[in-house]
Amino acid sequence: MEIPSKYDPATTEDKWYAYWMEHKLFKSVPDNRIPFTIVIPPPNVTGVLHMGHMLNNTIQDLLVRRARMQGFNALWVPGTDHASIATEAKVVQKLRKEGIKKSDLSRDEFLKHAWEWTHKHGGIILEQLKKLGASCDWDRTRFTMDEKYYESVIDSFIDLHKKGKIYRGERMINWDPAALTALSDEEVIYKEVSSKLYYVKYKIVGSDDFVTIATTRPETILGDTAICVNPKDERYKHLHGKRAIVPLVNREVPIIADEYVEIEFGTGCLKVTPAHDMNDFLLGEKHQLEVINMMNDNGTISEAGKLYIGMDRFDCRKQITEDLDAAGHLAKTEELPNKVGYSERSDAVVEPRLSLQWWVSMKELSKPALDNVMNDNIRFFPPKFKNSYRNWMENVKDWCISRQLWWGHRIPAWYDGEGDFVVAKTEAEAIAAFSAKNKNYTAADIKQDPDVLDTWFSSWLWPISVFDGFYTKEEVDYYYPTNDLVTAPEIMFFWVARMIIAGYEYRNELPFRNVYYTGIVRDKQGRKMSKSLGNSPDPIELMAKFGADGVRVGMLLSSPAGNDLPFDESLCEQGRNFANKIWNAFRLVKGWEEKIDPALSQSPASKIAVEWMQSKFNSVLKQLNDDYEKFRISEALMNTYKLVWDDFCAWYLEMVKPPFGSAMDKETYHASVAIFENLLKVLHPFMPFLTEEIWSYLGEREPGKGSICVASWPEVSSINEELIADFTTFSEVIIGIRNVRKENNIPNKESVVLHINNSGKNSPNFDPAVQHLGNVSSINYVTDKVSGSFMFIVNQSEYFIPFTENVDVEGEKKKINEEIDYTRGFLKSVESKLNNEKFVNNAPAAVLEGERKKQNDALSKIKMLEEKLTSLN
RNA sequence: GGGAGCUUAGCUCAGCUGGUUCAGAGCAUCUGCCUUACAAGCAGAGGGUCACAGGUUCGAACCCUGUAGCUCCCACCA
């Protein structure tokens, strides 16, 4: 079998993904194994893959692949989200380009367009995930508007309504005047803008005096129903109980006092517009103020405003300012840096508005969700996010779930013409429900609520409804609770918290055991990668350039949980280089197969190398398992990287590599293959394609079942710590020899003799390896100095390499003197500690012992060096 | 305004119970090498006032207090 000298990701990756699909290696059905489940955070159905998805899904794939190898019944459920408002906005935009206005379409016509759009763009992102190597069970792909899923959303609405946890109420909400829909608090983005603060004079009734208020929104004076001052404010005490006249509209309003008003801000005097400001609304309730809704849902002035009717709110602001000025009511204007809420989807300035909406009552529902995160039944990685979670959950507000949109799950409520309504699953049931109230209606008498539910009201059921958990028990009982959730901290409240709530409400159990929060992928300048900035590389192109494995490794190299990832292509380059390194190591090992001489027995150097490498592997494997347990993914990768590159390639392979043209013994060959296979296994979650390719070359594999995807994760076996320590000494000796060679221009090709004064620690077991790697012709153990030679010290043993020719003795002396000086300084600091009575009395025995050892070691080292110095003369 | 977190090498980060391998890793940089697996490589080297200032302790990157800077979350002050 011809092995290519270069690894070609493009063809390899497509080949193996097709193979995995063909053999259904990611398929999962309940069986008697322990399940390991991850549900994908469903991307927007019409979205395309961005770098955030890449990071997020690489981590999920890594976790699920490792679990699969560990013998769990591993399942990763893929799917997409209908993303109500986001998708509807895209469809509206697309129709507008075609000259079609949403308002000209019926609901059904619009939904037809929306479904067309969904079918056209839906699932592109899932195809892209396959390029990444995502090991999802694609047969289980779910969409939040699938029939059964849709039904579960409706049923949970009905259920919560029955339990009194969903209610309909008129409240202040964030209104998007462009999309004409209510928004949840989370869908409002506050931006810093420079606005103007207008000082407006109101005449006081029964006096010639004026009171001046400060406002950023002068147009809302049309809805003013009070003036408010702080009761403690001495300047305005005389105004309590008086009345003022709203300019232009000439309405008389009371002057009230409330602590809410800040004395320091503006004039310390506030105009109150209960219909158009959250706080004013609360003030209005408290003081029983009249509520004047002076704005239409599209942001124009309503009839109730009396003036400027039909004018847009921002035009009105301009006009009213001029008119106030003309009438002598505008005292002054100031610049004011201010925060203004914008709709996340339409970017329109959000209008606080009084509106009749559906709500979920959150306080009680949230309790188990809060407790079970705080007590670590559900673990957050990193745990710092528990703080913001608690903060939010303890102050949780009712959730506005109705949206004035068409794309989504339609609210199962029916209204008659008299302001009465029932909640029911179907029209027939609604009619029946009305009959129970002695209202004998036909379908013509009632109308279903036109609104749909907030998109998160469907995705909060995701871990349950992907298994049709509301209707069949078998699957959900097996796979639920899921194991790990990997998501962005931005949607902790939108989604994570609510899934936990739904989990306890409907399963009386947590939805997942661990939540891993990824960071944000940023560019080199620290900006978030986004389509609009155009600073995001195309993941598909990246994978074409560096290979999917290279990109996966690049993404994970520097992304501890919760940390932002400053992405740079050079990371992927490092990933690609790593893949190349592994490929070349493979070529070397595989090449030995035909060099095997059955008669050749294993050399002692190879024997010790194999033993050491096995121990080293196990010791790192133990560390890896611990890293995974703690979700220290980057650490796990780096430990794997060093194990493969440094321990295996740089040391092991060099130790067992036969000289050019020489034969290979079969023991070493087979041991090397076995070690390589174990390395491939721990590499596989990071680099699925490359490892499968090499795996297929390294042994006879049964089709399908022989895939590395289902190979078993190695068990930690015996670790010979002493051997590992001896190896460290060995490697330092080799480095010592290399240094002597380098500093004295002794070429590697020229063999040297090594004398060892073994007064300290040195393992003769490694001597053959020293000879092999250091090109040492012979090793002699001595009991004294060897004059006329270079010396270095490792672990208290002296190593001598006799001078060859033309050696710089003075230079050598100088180096030794420098080392003596350094060691004396070190000794001094150790002794100052040991001479400190308090230290000797207080420090634990082990520490004290350590310091004494340091002292002795330093003393003997100085002695050795001094002797060496005299021997040079 | 309320809350949380961060500051360690040029960059990205480890450093777990205050002491042992406490100043580390990878990348980048520099110096040699195209040495029969690999120049996408090999062999070496340099690089730090652990943000700053105090304190506790025999001993502090680590604990305490203060200062400065950065980040995030919540609230939304007209």
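Since we're looking at a predicted model, the values are computed, not measured. Letters A, B, ... mirror the listed sequences (proteins, then strands); counts begin at 1.
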Does [N] have OP1 or OP2 under 4.0 Å away from a side-chain N or O of [X]?
{"X": "A/Lys742", "N": "B/rA45", "value": "no"}
{"X": "A/Arg632", "N": "B/rG15", "value": "yes"}
{"X": "A/Lys6", "N": "B/rA40", "value": "no"}
{"X": "A/Arg738", "N": "B/rG44", "value": "yes"}
{"X": "A/Tyr190", "N": "B/rC74", "value": "no"}
{"X": "A/Asn577", "N": "B/rG41", "value": "yes"}
{"X": "A/Asn584", "N": "B/rA40", "value": "no"}
{"X": "A/Asn279", "N": "B/rC76", "value": "no"}

How about [X] and [Y]: are their ring centroids closer than 6.0 Å?
{"X": "A/Phe380", "Y": "A/Phe385", "result": "no"}
{"X": "A/Tyr190", "Y": "A/Tyr342", "result": "no"}
{"X": "A/Trp392", "Y": "A/Phe493", "result": "yes"}

When all nucleic acid strands are considered with a 4.0 Å heavy-atom cut-off, which category describes [X]: base, sugar-phosphate, or nothing?
{"X": "A/Asp568", "result": "nothing"}
{"X": "A/Lys657", "result": "base"}
{"X": "A/Phe586", "result": "nothing"}
{"X": "A/Leu197", "result": "nothing"}
{"X": "A/Val272", "result": "nothing"}
{"X": "A/Arg576", "result": "base"}
{"X": "A/Asn395", "result": "nothing"}
{"X": "A/Gln574", "result": "sugar-phosphate"}

Tell me which nucleotide among [options] gets nearest to the side chain of [X].
{"X": "A/Asn580", "options": "B/rG26, B/rC38, B/rA37", "result": "B/rC38"}
{"X": "A/Glu635", "options": "B/rG3, B/rA14, B/rA4", "result": "B/rA14"}
{"X": "A/Phe493", "options": "B/rG26, B/rC77, B/rC73", "result": "B/rC73"}
{"X": "A/Trp645", "options": "B/rA37, B/rG41, B/rA78", "result": "B/rG41"}
{"X": "A/Tyr260", "options": "B/rG26, B/rA78, B/rG44", "result": "B/rA78"}
{"X": "A/Lys339", "options": "B/rG5, B/rA25, B/rC76", "result": "B/rC76"}
{"X": "A/Lys581", "options": "B/rC42, B/rA4, B/rG26", "result": "B/rC42"}
{"X": "A/Asn338", "options": "B/rG26, B/rA78, B/rA37", "result": "B/rA78"}
{"X": "A/Phe265", "options": "B/rC73, B/rC77, B/rC27", "result": "B/rC77"}
{"X": "A/Ala650", "options": "B/rA40, B/rA14, B/rA43", "result": "B/rA43"}

* Asked: Over how many whole Å does the gap from A/Leu653 atom CG to B/rA37 atom P extend?
  ->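 About 11 Å, once rounded to whole Å.
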* Asked: Rounded to whole angstrom units, what separation is found between the CG atom of A/Asn639 and the C1' atom of B/rG24?
  -> 13 Å
Say we look at [N] and [M]: how far apart would their [atom1] atoms be, to the nearest angstrom?
{"N": "B/rA25", "M": "B/rG66", "atom1": "P", "answer": "36 Å"}
{"N": "B/rU67", "M": "B/rU7", "atom1": "C1'", "answer": "14 Å"}
{"N": "B/rG46", "M": "B/rC63", "atom1": "C1'", "answer": "34 Å"}
{"N": "B/rC50", "M": "B/rA9", "atom1": "C1'", "answer": "10 Å"}
{"N": "B/rA14", "M": "B/rA61", "atom1": "C1'", "answer": "12 Å"}
{"N": "B/rA68", "M": "B/rA53", "atom1": "P", "answer": "15 Å"}
{"N": "B/rG5", "M": "B/rA78", "atom1": "P", "answer": "29 Å"}
{"N": "B/rA37", "M": "B/rC52", "atom1": "P", "answer": "49 Å"}

Hunt down the Watson-Crick or G-U wobble partner of [N], both distances under 3.5 Å, from any strand shown, or write none.
{"N": "B/rA39", "answer": "none"}
{"N": "B/rA23", "answer": "none"}
{"N": "B/rG18", "answer": "none"}
{"N": "B/rA78", "answer": "none"}
{"N": "B/rC34", "answer": "none"}
{"N": "B/rA4", "answer": "B/rU71"}
{"N": "B/rG47", "answer": "none"}
{"N": "B/rA61", "answer": "none"}

* Can a donor-acceptor pair be found between the side chains of A/Lys595 and A/Ser662 at a distance below 3.5 Å? -> no
* Scan side-chain atoms only and decide if A/Tyr652 and A/Ser672 contain a donor-acceptor pair under the 3.5 Å cut-off. =>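 Side-chain D/A pair, A/Tyr652 to A/Ser672: present.
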* Using the ring of each side chain (for Trp, its six-membered ring), is A/Phe578 parallel, tilted or perpendicular to A/Trp645, with breaks at 30° and 60°? -> parallel
* Asked: Once the angle between the rings of A/Phe586 and A/Tyr697 is folded into 0 to 90°, is it parallel (under 30°), tilted (30 to 60°) or perpendicular (over 60°)?
  ->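 If you compare the ring of A/Phe586 with that of A/Tyr697, the planes turn out tilted.
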* Structure fact -> Ranking A/Thr216 and A/Arg390 by the position along RNA chain B of their nearest nucleotide, the one closer to 5' is A/Arg390
* Asked: Given that A/Phe385 and A/Lys397 both sit by RNA chain B, which one's nearest nucleotide is further toward the 5' end?
  -> A/Phe385
* Is any side-chain N or O of A/Glu654 under 3.5 Å from a base N or O of B/rA37, one able to act as donor and the other as acceptor? -> yes
* Check whether any side-chain N or O of A/Thr215 sits under 3.5 Å from a backbone N or O of A/Arg217 as a donor-acceptor pair, and report yes or no. =>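 Indeed, once roles are kept as given, a pair shorter than 3.5 Å links the two residues.
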* Asked: Is A/Lys386 salt-bridged to A/Asp376, cutoff N-O under 4.0 Å?
  ->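 The answer is yes: the pair qualifies as a salt bridge.
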